[in-house]
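When a residue number appears, it is its place in the shown sequence, counting from 1. As the structure is a prediction and not an experimental result, all values here were calculated from the model.
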Amino acid sequence: MKSLKSPFAFNQSQRKGIFLLMAIILAMLAILFFWPFGKPTELSAQEKERILTFQQKIDSLKKLKELADNPKIFPFNPNFITDYKGYTLGLSVEEIDRLHAFREKGEWINSNEDFQKVTKISDSLLAKISPFFKFPDWVKNQNNFPQKWKKDEIAELPFSQKQDLNKVTNADLEKIVGIGPAISRRIIRYRTKLNGFVNDIQLKDIYGLDYETTQRLLAEFTVKDTLVQKISINKATVAQLSDIVYFDYEMARKIVEYRTLHDGITSFEELTKIDGFPAYQIERIQLYLTL
């Protein structure tokens, strides 16, 4: 009976062939491991410059994206934060509503602590936005003002005894402490440009008329008679909108384009989404428009 032959049994010739094959494989592995394949070639000066320019463009795009994600904040008075402004600052709807409810009572925010107490924002958000708070000078330096200039010391006349701001003269205005010939001329000139004041709030647009002087002025004068007729922002033409003192022709055109694209405007805050819209004047703009 024949014995079975092992499959791993090799004759001398086969063993030599296997050893030779292994030697060749080891030699190839050694060459691959030790031979300096892929040695980097030296770049030319032109290629280096092209790579550097490309990298600078990438860095610029990254920086632009960072600026877009973190819009620059300019100094502002926290008493006049619109819904859109509050949103861009990171305030929640509830925090913005608390601020507006507080202001509707005729109260004022006069410090960082007041702002946090009213809105109940977090310490981290307060630390982020409070460096941009800009309060009136009388708030920051009220201890330095003469006693008769302080806000609480102003004796305000009843409405019936106040003079109509649309009828006063330069001489009448200059009787107010803090108003000289230059400021009185600006007030009269601006009143003429508006075809008459519509609301006392428009005094904010007078350059050089600070808060405390405005309070002394409004203690004796106020807007009583106005003939303004509001127009519908959803029906007004470009020409009609550009007649409003706060808009130029280009802004009026943008408003009509936005209105057309969005099937109408449902709130005044929506206007702040238009590029270049004077959001800080939105309270005055509402005096001339309806929805």
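The CZ atom of Phe221 sits 11.0 Å away from the CG atom of Leu203 when rounded to the nearest 0.5 Å. Rounding to the nearest 0.5 Å places CD1 of Ile265 at 6.5 Å from CD1 of Ile255. Here the straight-line distance linking atom CD1 of Ile176 with atom CD1 of Ile183 works out to 13.0 Å at 0.5 Å rounding. Distance check: Asp164 CG to Asp172 CG gives 11.5 Å after rounding to the nearest 0.5 Å. Of the inter-residue distances, the one linking Lys85 atom NZ with Ile96 atom CD1 reads 11.5 Å to the nearest 0.5 angstrom. Rounding to the nearest 0.5 Å gives a distance of 14.0 Å between NZ of Lys134 and CG of Asn79.
Open room surrounds NZ on Lys120; 12 or fewer heavy atoms of other groups in view lie less than 6.0 Å from it. For Tyr87, the OH atom counts as loosely surrounded, since its 6.0 Å shell holds 12 or fewer non-hydrogen atoms of other residues, nucleotides or ligands.
Phe80 pairs by the ring pair (Phe, Tyr, Trp, His ring centres under 6.0 Å) definition with Trp108, not counting sequence neighbours. Residues satisfying the side chain to side chain donor-acceptor pair (under 3.5 Å) criterion with Asn112, sequence neighbours excluded, are absent altogether. Every residue two or more places apart in sequence or in another chain that forms a side chain to side chain contact (heavy atoms under 4.5 Å, CB included) with Glu174 is listed here: Asn170, Pro181, Ser184. The salt bridge (Lys or Arg N to Asp or Glu O under 4.0 Å) test applied to Lys224 returns no partner, not counting sequence neighbours. Residues meeting the salt bridge (Lys or Arg N to Asp or Glu O under 4.0 Å) test with Arg253, sequence neighbours left out: Glu250, Glu257. By the salt bridge (Lys or Arg N to Asp or Glu O under 4.0 Å) test, Lys167 pairs with Asp225, sequence neighbours left out. Residues satisfying the side chain to side chain donor-acceptor pair (under 3.5 Å) criterion with Glu95, sequence neighbours excluded, are Ser92. Residues satisfying the salt bridge (Lys or Arg N to Asp or Glu O under 4.0 Å) criterion with Asp205, sequence neighbours excluded, are Arg284. For Tyr190, the ring pair (Phe, Tyr, Trp, His ring centres under 6.0 Å) test picks out no residue, with sequence neighbours left out. For Thr53, the side chain to side chain donor-acceptor pair (under 3.5 Å) test picks out no residue, with sequence neighbours left out.
Here the shortest heavy-atom pairing between Leu173 and Leu165 reads CD2-CD1, 4.4 Å. Nearest heavy atom pair, residue Ile188 against residue Val168, reads CD1-O, 3.6 Å.
Counting heavy atoms from C-beta on, the side chains of Tyr211 and Gln215 come closer than 4.5 Å. The closest side-chain heavy-atom distance from Thr237 to Val256 is not below 4.5 Å.
With side-chain heavy atoms closer than 4.5 Å counting as contact, directly or through intermediates, the hydrophobic cluster containing Leu20 also holds Ile24, Met28. Hydrophobic cluster membership of Leu21, counting Ile, Leu, Val, Met, Phe, Trp and Tyr whose side-chain heavy atoms lie under 4.5 Å apart directly or via other members: Ile25, Leu29.
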> Are Gln163 and Thr169 close enough, and set up right, to give a side chain to side chain contact (heavy atoms under 4.5 Å, CB included), and what steps lead you there?
Replying inline: CA-CA 11 Å; Gln163 295 186 60; Thr169 64; over 6 Å; no
> Between Leu209 and Ile179, is a side chain to side chain contact (heavy atoms under 4.5 Å, CB included) present by the stated rule, with each step listed?
Replying inline: CA-CA 8 Å; Leu209 186 62; Ile179 296 181; 4.3 Å; yes
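There is a side-chain donor-acceptor pair under 3.5 Å between Arg216 and Thr213.
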